[in-house]
There are 2 protein chains.
Amino acid sequence: MSLAMSSKQSRQPTGSPRRTPPASLTVKRLSLYLRYVETLAEKGRSTVSSRQLGKALGLTDTQVRKDLSCFGQFGRPGVGYHVGDLVGRLRAILGTDKVWNVAVVGVGSLGRALLRYKGFVGKGFRPAAAFDSAAGKVGKKFGGVVVQPMSELAGAVKKSRIRLAVLTVPAKAAQDVADRLCRAGIRGILNFVPVTLTVPAGVAVVPVDLVVQLEQLSYLVNASGKKGPGSGD
Amino acid sequence: MSLAMSSKQSRQPTGSPRRTPPASLTVKRLSLYLRYVETLAEKGRSTVSSRQLGKALGLTDTQVRKDLSCFGQFGRPGVGYHVGDLVGRLRAILGTDKVWNVAVVGVGSLGRALLRYKGFVGKGFRPAAAFDSAAGKVGKKFGGVVVQPMSELAGAVKKSRIRLAVLTVPAKAAQDVADRLCRAGIRGILNFVPVTLTVPAGVAVVPVDLVVQLEQLSYLVNASGKKGPGSGD
DNA sequence: CCATGTGAATTAATTCACAGCT
DNA sequence: AGCTGTGAATTAATTCACATGG
């Protein structure tokens, strides 16, 4: 057995990405950490350990520490992480310490549901505008947001400082609308349309295809019929 | 058209997992392959190459071939994959060659939107029942499905052979309802509630947290502000 | 003692390179 | 020519092991 050497590194001021690159899988877990730690904050808990966090989310304690440590070192040996601090840190990393104005484009049943969705409040996202090409929908109000015609899109995006869009238009229109959003200066698109979008560099797309999600379930259920692994929440 | 592989096959019977294990990331991509290949089928295209597939989805051709090959070898050197055949194979792998009855549990705005969502038709999923604990909603019809009281859940699940559930209840009720679903014999849960569910082995959970998705966007947009990687559709 | 942070080892996933079929 | 399928090499992600602080 070899003798490890001491690395001996003094502590960086605050929140310095030590080494490893951001890593896309890590970021997804950061959201889950935040979600869980926020519930702890509501309950008045003041500290949490990587083991408790991992247990609640189905991860190992090492995984949790690795994820957190690559964005800086918060958390104290022997104690754990300070809940309030961790909430702040995670929000800052994810960029939800400020509120993002979001446009909902396509006011079908899904778009309307998102406009009315209560889960965004306090999470850093605010549906700030809605757009639809159907004249019959323009002027109507859903979740407190008045639907505007598509012709207003570029103007409203600039005026209301909207940087994110939720896309819930019919598949045939999706790429066209995405192009318009990009030209209007939108920086990210949450895409519910079952189509792979092409966007210029500098614009992010996160796809959410409900059929794809159900297919994952279908696969897992079929697979567990033969063999027996767990699941994947 | 549509001539299944006739004679000439010294291959394995059908869809034999050659070597590699199923791999969870692979399955997500299979859904994307299916989605794209279905659009090709509608357009009447008869073959597609791994390169074309990859190009359309932002993947390398090698990646596509690796993914497909680990479920058996369909596709002919020098030609590519037969579109009709590939659709059938992918559906069989994902388990959507038969129709799954799905229960929507929790008929808030999101649940209603999912009941009305048109995108499930022809994809192997059918909203077959809806449940809500609010007496005011019971008896109402959304997307052709009548809302039933929670007390009917176990009975309806058995009677209608429902094996998948979409969970869109308030966060406080989520784990309780999930427990009831599991006792009723449900095999998979598509979880829209921002809570990590605990379920017995043999039940699959696929989480879809809209806030988490937006946080991914937020992170990506913030990150591209400093440096300049692309996106991630 | 318990808990974090991290280099080293391990395992998973992707890409490379090429044999072989059309 | 073009294309698939796959071992080998590479790169990413996770887990292990342990030094160090509370």
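In what follows, chains carry the letters A, B, and so on, assigned in the order in which the sequence lines appear, proteins first and then strands, with residues in each chain numbered from 1.
Under the side chain to side chain donor-acceptor pair (under 3.5 Å) criterion, A:D85 pairs with A:R89, not counting sequence neighbours. For A:R29, the salt bridge (charged side-chain N to carboxylate O under 4.0 Å, His left out) partners at least two apart in sequence or on another chain are A:D67. With sequence neighbours excluded, the residues forming a side chain to side chain donor-acceptor pair (under 3.5 Å) with B:D179 are B:Q175, listed by chain and number. Legend: residues meeting side chain to side chain donor-acceptor pair (under 3.5 Å) with A:R163, ordered by chain and number and at least two apart, are absent.
In this model, a side-chain donor or acceptor of A:R65 finds a partner on the base of C:dG5 within 3.5 Å. Between the base of D:dT6 and the side chain of B:K66 there is no donor-acceptor pair shorter than 3.5 Å.
A:T62 comes within 4.0 angstrom of a base, heavy atoms only.
The nucleotide whose nearest atom lies closest to any side-chain atom of B:S69 is, among C:dT14, C:dG20, D:dG5, D:dG5. Relative to the side chain of B:Q63, the nucleotides D:dG21, C:dT15, D:dT15 differ in distance, and C:dT15 lies closest.
Distances shown here put every side-chain N or O of A:Q73 at or beyond 4.0 Å from the OP1 or OP2 atom of C:dG5. Remark: A:Y81 is not in phosphate contact with C:dC2, judged by side-chain N or O atoms under 4.0 Å from OP1 or OP2. Between A:S50 and C:dA3 there is no side-chain N or O to OP1 or OP2 distance below 4.0 Å.
For residues 190-216 of chain A, the pairs satisfying salt bridge (Lys or Arg N to Asp or Glu O under 4.0 Å) are A:D209-B:R35, with sequence neighbours left out.
Put simply, CZ on A:R89 is 14 Å from C1' on C:dT4, counting in whole angstrom units. Atom C1' of nucleotide D:dA13 and atom CG of A:L59 are separated by 13 Å, given to the nearest angstrom. Here D:dA12 presents its C1' atom at 9 Å from CG of A:L25, a figure rounded to the nearest Å. Look at CD on A:Q52: it is 11 Å from C1' on C:dC2, rounded to the nearest Å. Going from atom NE2 of B:H82 over to atom C1' of D:dC3 covers 17 Å, rounded to whole Å. B:F74 places its CZ atom 16 Å from the C1' atom of D:dC3, with the value rounded to the nearest Å. In this structure, A:Y33 atom OH and C:dT4 atom P are separated by 12 Å, rounded to whole Å. If you take CG of A:L86 and P of C:dA3, they are 16 Å apart, rounded to a whole angstrom.
Mapping A:R29 and A:G78 onto DNA chain D via the closest heavy atom, the residue that lands nearer the 5' end is A:R29.
The closest side-chain heavy-atom distance from B:L34 to B:T96 is below 4.5 Å. Residues B:F120 and A:L214 have side chains in contact (heavy-atom distance under 4.5 Å, counting atoms from C-beta outward).
The end-to-end axis angle of the helix from C:dC1-D:dG22 to C:dT22-D:dA1, rounded to 10 degrees and based on five pairs per end, is 10°.
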